[in-house]
Amino acid sequence: MDHKAAKRVAIVGAGTSGLAACKHLLARGFRPVIFEAGATVGGLWTRTLASTRLQSPTAGYRFSDFPWPEGADTYPRHDQVVEYLAAYARRFGVHECVRFRSQVVAAEYVGAADDDLTEQWAGNGEAFGGDGAGVWRLTVRHGDSDPTQVYEFDFLILCIGRFSGVPNIPAFPPGGGPDAFRGRVLHSMDLSDMDDADAAALVKGKRVVVVGSGKSAFDIAAECADANGVERPCTMICRSPQWLLHDVSVWGKLHLGYLYMNRFAELMVRKPGAGLASTLLATLLTPLAWLISKLTGAYYKKAIPMREYGMEPEFGFAGSISSCKIGMLPEAFYDKVRDGSVVIRRSRSFTFCEDGLVLDGGDGAVAVVPADVVILATGFRGDQKLRDMFVSTRVKAIVAGSSDTAVPLYRECVHPRIPQMAVVGYSESLTNIYSIEMMAKWVARFLDGAFRLPSVPRMEQSVAEWGRYMRRSNGESFRGSCLGAVNIWYNDQLCRDMGCHPRRKKGFLAEWFQPYGAVDYADIQ
């Protein structure tokens with residue numbers, strides 16, 4: 001038997017990252033198994049609101065070697081995204097590797113002691129470790145079966161994402177939580193998991209309050225407004241508005257990629273591990289970076305009535321790129337605000353009362369917003385979801401970092417102290433499929449023996465550098481591990497590891513000023 005096929009590789013999750021990881025492993029002769037809790041491929045795209053569309057144009061959100069079908073919408077519906085992902089799985093034989101309705105409820109590494117990792121990851125810096133390498137023991141529940149089944153694998157790849165699983169529920173003072181409310185309280189995750197008809201029935205004719213200021217909150221408020229109009233306006237409670245755009249071009253002509261997604265733009269960023277000369281150059285270019293951010297932000301503030309309705313973001317436009325706090329507005333959203341079917345209220349905090357929510361006005365004043373249904377679009381605890389995968393208390397403690405560090409993954413894929421395991425798709429970018437596919441290629445080549453990892457201390461040094469960058473550029477949300485402003489620099493490092501040339505364009509001007517995307521890396525398999 002081929003030694004690659006003999007290596008047992010498990011992938012958890014058949015979303016975008018799981019499909020990419022499996023495809024590139026298959027191309028290198030491995031025969032991985034994907035455990036997917038759902039009934040189909042597509043991950044989050046299979047559990048979303050009826051009106052959800054792709055935020056990025058199809059030209060940017062695509063696999064490098066698998067174009068969208070001719071005639072696809074620029075911003076496809078969620079069901080069209082699912083079909084695109086399913087077609088990708090069929091085309092490359094990934095579908096045959098998936099075990100549907102198979103939920104991994106626990107993962108445990110059984111093998112070498114921690115001391116063996118002092119200098120070299122897994123004992124020798126290779127994917128499958130040296131002599132005496134351990135195995136990953138997965139406990140899987142198939143369908144509604146009970147008891148569970150246990151499997152062993154030589155390598156584990158987690159593709160579970162950050163935006164599902166464990167909802168982020170705000171903390172409330174005694175007596176001010178959801179129990180005080182006589183209506184219904186649910187998280188946006190619960191709404192997305194509903195059948196479209198049930199979700200529509202839940203909000204129809206109700207006084208709905210949506211808490212949140214991200215993309216999900218806007219989408220839910222827009223759907224509620226369409227359902228109930230001005231007779232039962234939907235109220236949005238926002239604490240810190242984000243940049244949500246109506247178009248990805250400024251001044252009607254210039255795509256944002258030419259301002260923020262090329263090599264020249266990254267010269268203005270203090271990149272992790274880039275050295276003193278790069279840092280000095282970024283410092284010298286700070287005025288230019290500030291000017292571009294200011295002009296871009298001014299354009300969107302004029303084009304979108306965010307200031308009129310108190311939704312002007314408190315951070316600059318460049319900050320939204322570096323922290324991935326950016327998205328696309330639902331169609332005609334501010335028209336709904338203007339006609340009164342959506343009402344926006346700003347509040348730093350809130351509590352529940354019997355009839356709705358009590359808002360803190362910031363100056364001691366309070367206001368009550370009546371409600372029948374409250375939907376918390378307050379994000380997810382991706383770190384907790386990652387921890388909950390593991391049996392070991394030690395692994396739980398280190399895998400997702402702490403309150404003071406970003407997610408401690410070398411190359412955003414490998415934990416320096418957890419052997420024979422990779423994580424794909426946990427870090428964000430402006431077009432996630434672009435960075436996810438590069439991670440999948442890097443992991444596949446690593447498993448194929450194309451390179452070894454550096455020593456554990458060197459990996460931890462790199463992790464610390466990237467952690468400082470994430471904290472500096474992402475502010476209070478630094479644990480999100482956003483690659484938005486340094487995606488090309490990140491890909492350069494992956495290319496060098498894989499033995500590929502990092503410069504992917506033809507010609508000096510194209511290399512420095514054209515936006516980079518997945519297609520530029522299509523020849524890396």
Side-chain angles (χ1 to χ4, degrees), residues 17 114 117-121 125 158 160-163 166 168 266 268-276 278-280 282-283 289 315 318-326 379-387 389-390 394-419 421-430 432 435-436 438-439 442-443 446 453-494 496-497:
S17 52
D114 296 347
L117 304 179
T118 302
E119 289 299 329
Q120 293 295 326
W121 193 81
L158 296 181
I160 59 176
R162 292 178 47 234
F163 302 107
V166 180
N168 178 46
E266 291 197 3
M268 295 179 265
V269 180
R270 293 166 57 194
K271 299 178 286 294
L276 180 60
S278 176
T279 300
L280 288 175
T283 302
F315 50 92
S320 71
I321 299 293
S322 62
S323 60
C324 293
K325 288 183 177 180
I326 193 168
F380 295 86
R381 288 291 311 277
D383 57 338
Q384 191 59 49
K385 180 182 179 181
L386 190 57
R387 291 188 183 98
M389 290 290 303
F390 301 98
R394 171 186 167 275
V395 174
K396 285 178 181 288
I398 67 173
V399 68
S402 67
S403 59
D404 297 320
T405 59
V407 179
L409 299 175
Y410 177 71
R411 299 292 193 252
E412 305 301 309
C413 292
V414 168
H415 195 291
R417 297 279 172 177
I418 304 178
M421 185 192 82
V423 180
V424 175
Y426 193 85
S427 298
E428 293 181 81
S429 72
L430 298 178
N432 282 332
S435 57
I436 283 170
M438 284 298 290
M439 294 176 190
W442 185 88
V443 169
F446 173 49
L453 297 179
S455 68
V456 169
R458 280 188 58 194
M459 286 196 289
E460 290 180 332
Q461 180 182 356
S462 175
V463 166
E465 290 175 349
W466 279 82
R468 288 190 291 270
Y469 163 77
M470 296 294 180
R471 183 162 193 153
R472 183 175 67 247
S473 62
N474 296 5
E476 64 180 16
S477 64
F478 70 97
R479 299 190 70 253
S481 297
C482 173
L483 299 169
V486 292
N487 215 149
I488 301 172
W489 172 249
Y490 169 73
N491 285 345
D492 287 352
Q493 295 183 328
L494 300 189
R496 292 188 182 98
D497 290 344

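Remark: the backbone N or O of F390 is paired with a side-chain donor or acceptor of K396 at under 3.5 angstrom. Of the possible donor and acceptor atoms, none in the side chain of N487 sits under 3.5 Å from a partner among the backbone N and O of G484. When atom types are taken as modelled, the side chain of K385 and the backbone of I160 share a donor-acceptor pair closer than 3.5 angstrom. Remark: side-chain polar atoms of S435 are paired, donor with acceptor, to backbone N or O of N432 under 3.5 angstrom. Y410 places no side-chain N or O within 3.5 Å of a backbone atom of P454 that could act as its donor or acceptor partner. The backbone N or O of E266 lies less than 3.5 Å from a partner atom in the side chain of K271, making a donor-acceptor pair. The backbone N or O of P272 sits less than 3.5 Å from a side-chain atom of W489, completing a donor-acceptor pair.
The side-chain heavy atoms of C413 and V423, taken from C-beta on, include no pair separated by under 4.5 Å. Side-chain contact between M459 and L409 is absent, with no heavy-atom pair separated by less than 4.5 Å. Between V414 and M421 the shortest side-chain heavy-atom distance does not fall below 4.5 Å. You'll find the side chain of I398 reaches within 4.5 Å of the side chain of H415, heavy atoms only. Contact check for L494 versus R411: side-chain heavy atoms found under the 4.5 Å cut-off. Between I321 and L430 there is a side-chain heavy-atom pair separated by less than 4.5 Å. Looking only at side-chain heavy atoms (C-beta outward), R381 and R387 come within less than 4.5 Å of each other. F315 is listed as a side-chain neighbour of K325, based on a closest heavy-atom distance under 4.5 Å.
Taking each heavy atom of P416 and P408 in turn, the nearest pair found is CD-O, 3.5 Å. In terms of heavy-atom proximity, S427 sits nearest to S481 at CB-O, 3.2 Å. Closest approach of S473 to S323, counting heavy atoms only: O-CB, 4.3 Å.
Summarising the geometry, atom CG belonging to L483 is positioned 6.5 Å from atom OG belonging to S429; distances are rounded to the nearest 0.5 Å. Distance check, rounded to the nearest 0.5 Å: CD of E412 to CD of Q493 gives 9.5 Å.
For C324, the disulfide (SG to SG under 2.5 Å) test picks out C482, with sequence neighbours left out. Under the ring-ring contact (aromatic ring centres under 6.0 Å, His included) criterion, F380 pairs with H187, not counting sequence neighbours. Under the side-chain hydrogen bond (donor to acceptor under 3.5 Å, both in side chains) criterion, S462 pairs with no residue, sequence neighbours left out. Residues forming a side-chain contact (heavy atoms from CB on, under 4.5 Å) with A282 (at least two apart in sequence, or on another chain): R270. With sequence neighbours excluded, the residues satisfying side-chain contact (heavy atoms from CB on, under 4.5 Å) with S17 are C159, V424, I436. T279 pairs by the side-chain hydrogen bond (donor to acceptor under 3.5 Å, both in side chains) definition with nothing, not counting sequence neighbours.
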Check against side chain to side chain contact (heavy atoms under 4.5 Å, CB included), L158 and M389: CA-CA 9 Å; L158 296 181; M389 290 290 303; 3.9 Å; yes

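The aromatic rings of W121 and F446 sit tilted, their planes meeting at an angle between 30° and 60°.
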